[in-house]
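Following: one structure in structure tokens, then a few remarks.
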Number of protein chains: 2
Amino acid sequence: MPKATIDDVANLAGVSIKTVSRVVNREPNVREQTREKVENAIAQLNYRPNKAARNLASHHSHLIVLIYDDPSAYEIPSAGFIIRMQEGALRACRKANYELLIHPCRYRNKNVAVELKALIEQIRPDGIVLAAPLSNVPRVVRAIEETGTPLIRVSPGKTDGDPLYVSTNDREVSCEMTRYLASLGHKRIAFIKGHPGHKAVGNRFRGYLDGLEQSGLAASDELIAAGDNSIRSGEAAALELLERRDPPTAIFAANDDMAAGVMRVADRLGIKVPDELSVAGCDDIALAQQIYPALTTINQPLSQMTEAAVLMLTDSQRKKKKPDSPTIVPGTLKLRESTTAFAN
Amino acid sequence: MPKATIDDVANLAGVSIKTVSRVVNREPNVREQTREKVENAIAQLNYRPNKAARNLASHHSHLIVLIYDDPSAYEIPSAGFIIRMQEGALRACRKANYELLIHPCRYRNKNVAVELKALIEQIRPDGIVLAAPLSNVPRVVRAIEETGTPLIRVSPGKTDGDPLYVSTNDREVSCEMTRYLASLGHKRIAFIKGHPGHKAVGNRFRGYLDGLEQSGLAASDELIAAGDNSIRSGEAAALELLERRDPPTAIFAANDDMAAGVMRVADRLGIKVPDELSVAGCDDIALAQQIYPALTTINQPLSQMTEAAVLMLTDSQRKKKKPDSPTIVPGTLKLRESTTAFAN
DNA sequence: TTGATTTATGACAGCGCTGTCGGTAATTGA
DNA sequence: TCAATTACCGACAGCGCTGTCATAAATCAA
């Protein structure tokens, strides 16, 4: 099967190679009739443009690199997150006719910034999607920016007014969850805060406060406990909350792991979920559907976020201008079995 | 930061660009002294060879494509598998200075073969790693072979004498597990067979029979149950086995999900694992460590398998000859809490 | 109809490397 | 010592496309 080149197509169609190039790249200024001739020739010869040649001549690699924290560095099963991010990025790449290169790397590794820079200088991708938590590491962000490669950050903590990022509406959707719990008749809705260093979970707490206010409920320190995102800390926080004089009838945890901890403690204390206690989490990790009762939570639209990130990159390439506002992909409530109405 | 080209390096080092190229590509016949001059110049200018140009001139893409079944097509959390496969492939790619492109695709999709062919013709990777279960679909394998791109299959079912694959020693290691159980004093070791269409689990059954024989135990239909790889089928099989007159003291399931089903049933029946019943699985999925007691199982060296696959590809590229034997990466027993000695 | 635009197409020069091959310098063997 | 190697290095021609620009054809305005 001798591969056809652009010359073969040009000959067969009776046009110049440049015209073939125009057809292939959907450039304007080609007569409809000419276009058809060329397309027929392409089909007939099963012609596929040579990427390397195209890249070399056009100074574009048609490559997007997705950089994320390497899960194999830890024992935690963050695999689901990564698959979902890859999914979205791949979807966008296919749409825009780019390829996706994945690059897990170790967050804590001191050299990570230098290594990334070297990688980028070699590959010369047309764009980079940098996922959390790496998107929060100034050293890394700076190193990538130094290469001059367009960069979109996913769920960055601080943005400094830079619009080149995509994130979700943690605060708004947490507010919505709180209002939902209130709408079920709950008056004492507790919140378990997450790890203080984690920006997103801070927004969730603010959303919780918003929700209370919008529901006409007063916030109270009695209803707030601190956790660190781990199951264990969720257990401790739940224990603390449930043993107070006037325990909450609903607990909203800043992430699913802590919510799972709450359910575990409730089980131990003989408190029935959801009849005696509603529990809600955040993130919609795989566990949320596996535990019993299935956890009401907020889905993190990771896949849509990376998809949006890649599209920002490819779009700005076409339009030759940077986007001037970030993309916010809204999360949605996943109402499952762990929450129910509370009759006062 | 004006990117340096090979000409800049050549000028600075006072040699020809060809010599620079030789140094960069570690080709022979460069004097040590010259090499150093060039390397200094490279370092000084922070020169990185342009991939596109190199690919175009060398007719190599320095790209490996990893093709696997798209997990998002189903609800099952096969994410862990995929991450591990990617891990191994990435490790090998870095060693050999290749890039990895991932390509999930839908197993059941009728067009998958045609689409893959188109993809490959566009990208022109230097090699392809095709993971199970796609590695068992003749239509897909044929389509890829038609492109002439070197292909290594991971865990293929049938091999037809073709050595271009890597797999694990399912049979041997299952035998080992059986012998291990026997060595713990178990005389009645039951086996739950997996889905009949799944080749690997068939080998596991054979390994089980080998193990019984080597341990001087007789195989018996009384000790064999059929499953379909699901948790539910594991439960059914366990129920069947445990309610027989002379129930087994150890159950070895052809995969972890079924083993988890066994544990669940044992719990319901009030049978203590491992004291009254030892349970062993196969695959070492994430669940195996999460359940209580932690499941003794066989680890599937997925990551090493894809690593080996990529290395077969890159090595054969260097040596310009195909490997003449497959790579077998041995699995290993993961002895955890669900198995213990049985005092007769 | 004629000149002024606009649209469509092609000629040509590279993009930044690698493969080939030929030439010169260093090394070997007798 | 001198050929016969062998080690080292460079000139040169592309790889298969795209960008630029010149040119031809079509369209338009008056």
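Quick note on labels: first sequence line is chain A, next is B, and so on, each numbered from 1. It should be emphasised that the depicted structure is a prediction, and the values quoted were computed from it without experimental measurement.
- Both B/Ser58 and B/Arg31 lie near DNA chain D, and the one whose nearest nucleotide falls closer to the 5' end is B/Arg31.
- As rounded to whole Å, 14 Å separates atom C1' of C/dC17 from atom CG of A/Asn55.
- Taking atom NE2 of B/His60 as the reference point, atom P of D/dG16 lies 14 Å away to the nearest angstrom.
- We find that CG of A/Asn29 is positioned 17 Å from P of D/dA22, with the value rounded to whole Å.
- When the nucleotides C/dT20, D/dC17, D/dC8 are ranked by their closest atom to the side chain of B/Thr34, D/dC8 comes out on top.
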**Report entry** Residues B/Asn136, B/Arg153; criterion side chain to side chain donor-acceptor pair (under 3.5 Å); working and verdict
**Finding:** CA-CA 9 Å; B/Asn136 292 323; B/Arg153 294 188 287 158; 5.3 Å; no
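- Using a 4.0 Å heavy-atom distance criterion, A/Asn25 is classed as a sugar-phosphate-only contact.
- Within the 3.5 Å criterion, the main-chain N or O of B/Gln304 finds no donor-acceptor partner in the side chain of B/Arg84.
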Query raised in the report: So B/Arg35 and B/Thr19, side chain to side chain donor-acceptor pair (under 3.5 Å) or not? Walk me through it.
Result: CA-CA 8 Å; B/Arg35 181 184 303 282; B/Thr19 298; over 6 Å; no
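- When each of A/Val20 and A/Leu56 is assigned the nucleotide of DNA chain C with its nearest heavy atom, A/Val20 is the one assigned upstream, toward the 5' end.
- For the 3.5 Å distance criterion, the side chains of A/Arg124 and A/Asn55 fail to qualify, holding no donor opposite an acceptor.
- The shortest distance between the side-chain N/O atoms of B/Ser16 and the OP1/OP2 oxygens of D/dC9 is not below 4.0 Å.
- Rounded to a whole Å, the CZ atom of A/Arg54 is 15 Å from the P atom of D/dG16.
- Using a 4.0 Å heavy-atom cutoff across all strands shown, A/Val15 reaches sugar-phosphate atoms only and no base atom.
- A close approach under 4.0 Å does occur between a side-chain nitrogen or oxygen of B/Thr19 and OP1 or OP2 of D/dG10.
- Residue whose closest nucleotide on DNA chain D sits further toward the 5' end, between B/Ala53 and B/Ile17: B/Ile17.
- Taking atom CD of residue A/Glu32 and atom P of nucleotide C/dT7, one finds them 16 Å apart after rounding to whole Å.
- Regarding B/Asp7, its CG atom lies at a distance of 7 Å from the P atom of C/dC17, rounded to whole Å.
- B/Arg48 contributes no side-chain N or O that forms a donor-acceptor pair with the base of C/dG16 under 3.5 Å.
- A pairwise comparison of heavy atoms in B/Pro301 and B/Gly331 identifies CD-CA, 3.9 Å as the closest pair.
- In this model, the phosphate group of D/dG16 is not approached by any side-chain N or O of A/Thr5 to a distance below 4.0 Å at OP1 or OP2.
- Rounded to an integer number of Å, the gap from CZ of A/Arg22 to P of C/dG10 is 8 Å.
- A close approach under 4.0 Å does not occur between any side-chain nitrogen or oxygen of A/Ser21 and OP1 or OP2 of D/dC17.
- Counting to the nearest Å, the C1' atom of C/dA11 and the CD1 atom of A/Ile6 are 14 Å from each other.
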